[in-house]
Q: 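Dropping the structure in here first, questions after.
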Amino acid sequence: MKMLAPLAGKHNVTDFEALCKSFEWSHMEREFSWFTTGKVNAAYEAVDRHAENPAKSDQLALIYQDGDTEEKWTFAQLKNRSNQAANMLKSLGVTKGDRVFLFMPRCPDFYASFFGILKNGAVAGPLFEAFMEQAVEDRLKDSGAKVLITTAELLPRVKRENLPDLKEIIVLDCEPADDLHDYEKLMNAASTAFEPVWLDKEDGMLLHYTSGSTGKPKGVYHAHRAMIQHYATGKWVLDLQESDVYWCTADPGWVTGTSYGIFGPWLNGATNVIAGGRFTPEAWYKMIEKHKVTVWYTAPTALRKLAAAGDEVAHSFDLSSLRHVLSVGEPLNPEIIYWAEEVYGKRIHDTWWMTETGAMLIVNHPTLPIKPGAMGKPIPGVEAAIIDDAGNVLPPHQSGNLAVKAGWPSMMKTIWGNQEKFDSYFINGWYVSGDSAKMDEDGYFWFEGRLDDVINTSGKLVGPFEVESKLIEHPAVTEAAVIGKPDEERGEIIKAFITLDKGHLDSIELREEIRLFIKKGLSAHAAPREIEIVSSIPKTRSGKIMRRLLRAKELGLPLGDTSTLEE
Ligand code: WTA
């Protein structure tokens, strides 16, 4: 097995083995206010603490770039603006525990509003700006969201008549109708002074919806305690130092964009680059060159696209500021690691974690030799193993469930409104990830695949049930089954099998219409790239769609056990 030795450099932690040996999470708590006061607010720790430090208040907290639009805020400015947002929300009646959702593109005010929510002790629910009607409605309804902050452009996707709990809507970028609130007006009227609501570390902070193989997306509910791990992994794994200019490419509608687009960098007092606009290799390289990004956290899909764009594009920018590059969300192809080393002169460090885990668990920390293709090893304070379905730990080199001993700080609190679902994640005190993996003799973990039907397309998880439900709303579709199909660039693409209602005939136009129906109803990334018309959908006798069978057929694999197949 090829091992790549760590590249030289000065890191926050040089002796990981020693750190692991003496480590206890409770010691980490000393770094935060609750160790002395017993009370916490993650917004205070991430923003106000730095703003109140004369040596840091004028340091740039945020650099925002979207095309030619550029905005820079110091920690002091971020504190003031988020205090205004906190006062704005308070004036609308937001109190502890309320769910306040953010549905807007990445922009500095997203972050001000996010912290404004937390400062009130309320729970933030960020939504991808790409979500369409149904996706927005499902999440707002399930969470019982009370307040929504959105933009004029996205507002039409919010069907208020279906959302009785939604009391107030604040709109950016326009003078809204009388029953809505104007963001600018409220912000301008709001004071820059606000005392954060002091909370218990178990109090709720964040709701991220993620897809499962059954049912609608589930609300993964995180508590303020998660920030200990955001801070720790920001320090040990992202290796953030206060002088770093850090860029996480993930959208805050996804957990990476909050845990590591907000908390990791700001709890560590780094400067955080926020990119708006669409992905192009040129725009991304320009971002690194212009702002002299030192630490870059991105995803395999993006790296594959950058590699496909060619070495010349990379070489036409000055990327020499980069010190440390990391990846998350999908398997990181060894070729990409070799390519990046050649072209960027940097090795890419893979990290593994999930929406439910709240923060990194298995990583290639800066001083660990990289085995290309492996996800790395557990961070200090985390015990991971491969277990069988009964919860027994398996020896090295055996495939099984990738599992983690419950109790790390950023572990989800529950699934919103569904304790049963939450409980179903655990066997014998192990959190079972749903991923299958192997561990080698050195304790490195190797990803194999998802054990359920969840599709990972360009690093975004898509639940087949959600797409199938939408498909059958189309007048031409009777039944639908959706699978993930391997794809070089996207990891997987979505393929839908459908049966047609009487009176409808297969045509390219119809298939395109159905694809657009999903794109407009759910989101672009959930729209099937391939649609095949079939005469029937394979189901078990109890009526469950046998996606496994469709996948095997599609890939020309053995069909396996078909004894439960209905006649
Ligand atoms: C997959 C993302 C391989 C995995 C933070 C997991 C990975 C799911 C890796 C969670 C990795 C994440 N290598 N696969 N380094 N990281 N995954 O909830 O299947 O959007 O269960 O959170 O992505 O996706 P989620």
Side-chain angles (χ1 to χ4, degrees), residues 126 128 130 206-213 217-222 226 229-230 233 237-238 248-264 297-304 325-334 336-337 348-365 368 370-379 384 386 399 401-404 408 410-412 415 425 431-439 444-463 466 484 486 490-492 523 525-526:
F128 263 127
L206 193 57
L207 249 186
H208 270 295
Y209 278 79
T210 188
S211 300
S213 52
K218 48 198 176 203
V220 177
Y221 189 31
H222 285 291
Q229 200 167 333
H230 298 150
T233 50
V237 187
L238 298 176
C248 169
T249 58
D251 190 277
W254 187 38
V255 71
T256 307
T258 54
S259 295
Y260 297 104
I262 295 179
F263 295 111
Y297 195 19
T298 187
T301 301
L303 291 164
R304 287 193 293 263
V325 184
L326 305 100
S327 164
V328 64
E330 308 154 71
L332 177 63
N333 325 66
I336 292 292
I337 296 183
I348 300 173
H349 297 249
D350 196 10
T351 61
W352 176 88
W353 56 292
M354 306 173 66
T355 307
E356 291 89 333
T357 74
M360 300 171 186
L361 292 176
I362 294 176
V363 304
N364 286 278
H365 56 72
L368 183 78
I370 292 175
K371 295 189 186 188
M375 304 188 290
K377 291 187 182 195
I379 58 166
I386 304 299
S399 297
N401 300 289
L402 175 53
V404 183
W408 67 93
S410 65
M411 185 171 96
M412 63 177 159
I415 296 292
Y425 278 89
Y431 163 86
V432 183
S433 66
D435 286 355
S436 104
K438 275 184 196 164
M439 192 187 78
Y444 283 70
F445 285 83
W446 298 74
F447 179 83
E448 294 182 327
R450 284 291 305 174
L451 288 164
D452 53 22
D453 294 327
V454 175
I455 301 160
N456 190 336
T457 179
S458 296
K460 295 196 175 67
L461 299 193
V462 176
E466 199 183 357
R490 296 181 172 83
E492 284 183 299
S523 65
H525 65 265

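Just so it is clear, the structure is predicted and the values come from calculations on it, not from any experiment. Whatever order the structure lists ligands and atoms in, that order sets their numbers, starting from 1.
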Q: Report the part of Asn456 (side chain from C-beta onward, or backbone N, CA, C, O) that has a heavy atom under 4.0 Å from ligand 1; answer both or neither where that applies.
A: side chain
Q: Would you say Asn333's side chain and Ile336's backbone share a donor-acceptor pair under 3.5 angstrom?
A: no
Q: Is it the side chain, the backbone, both or neither of Arg450 that has a heavy atom closer than 4.0 Å to ligand 1?
A: side chain
Q: I want to know whether Trp353 and Tyr260 have ring centres closer than 6.0 Å.
A: yes
Q: Identify whether the distance between the nearest side-chain nitrogen and carboxylate oxygen of Arg304 and Glu330 falls below 4.0 Å.
A: yes
Q: Could you go through Glu356 and Thr210, starting from their C-alpha distance and side-chain angles, then the distance that decides it, and tell me whether this counts as side chain to side chain donor-acceptor pair (under 3.5 Å)?
A: CA-CA 8 Å; Glu356 291 89 333; Thr210 188; 4.9 Å; no
Q: Could you establish whether Pro331 and ligand 1 come within less than 4.0 Å of each other, counting only heavy atoms on the residue side?
A: yes
Q: Taking only heavy atoms of Asp435, which atoms of ligand 1 are found under 4.0 Å from at least one of them?
A: 4 (C), 6 (C), 19 (O), 21 (O)
Q: So which protein heavy atom does atom 20 (O) of ligand 1 come closest to, and at what separation?
A: Trp254 NE1, 2.8 Å
Q: When you check the side-chain N and O atoms of Thr258 and His208, is any donor under 3.5 Å from an acceptor?
A: yes
Q: Between Trp353 and ligand 1, find which residue part has any heavy-atom pair under 4.0 Å and reply side chain, backbone, both or neither.
A: both
Q: Has Gly329 got any heavy atom lying under 4.0 angstrom from an atom of ligand 1?
A: yes
Q: When you measure from the side chain of Asp251 to the backbone of Gly253, do you find a donor-acceptor pair of N or O atoms at a distance under 3.5 Å?
A: yes
Q: Any idea which protein heavy atom is nearest atom 9 (C) of ligand 1, and the distance to it?
A: Trp352 CD1, 3.5 Å
Q: Quick one: look up the protein heavy atom nearest atom 24 (O) of ligand 1 and list residue, atom name and how far away it is.
A: Leu461 CD1, 3.4 Å
Q: Side chain, backbone, both or neither: which part of Met354 comes within less than 4.0 Å of ligand 1 when only heavy atoms are counted?
A: both
Q: For a quick check under 3.5 Å, do Thr351 and Tyr297 share a side-chain donor-acceptor pair by atom type?
A: yes
Q: Anything under 30° is parallel, anything over 60° is perpendicular, the rest tilted; go ahead and classify Trp408 against Tyr431.
A: perpendicular
Q: Taking non-hydrogen atoms only, is Thr351 closer than 4.0 angstrom to ligand 1 via side chain, backbone, both or neither?
A: backbone
Q: Which of the atoms of ligand 1 are close to Thr256, meaning less than 4.0 Å from one of its heavy atoms?
A: 5 (C)
Q: Working to the nearest 0.5 angstrom, can you tell me the gap between Leu402 CG and Ile362 CD1?
A: 4.5 Å
Q: Which residue owns the protein heavy atom closest to atom 11 (C) of ligand 1, what's the atom, and how far is it?
A: Glu330 O, 3.4 Å
Q: Using a 4.0 Å heavy-atom cut-off, say whether Thr355 meets ligand 1 through its side chain, its backbone, both or neither.
A: both
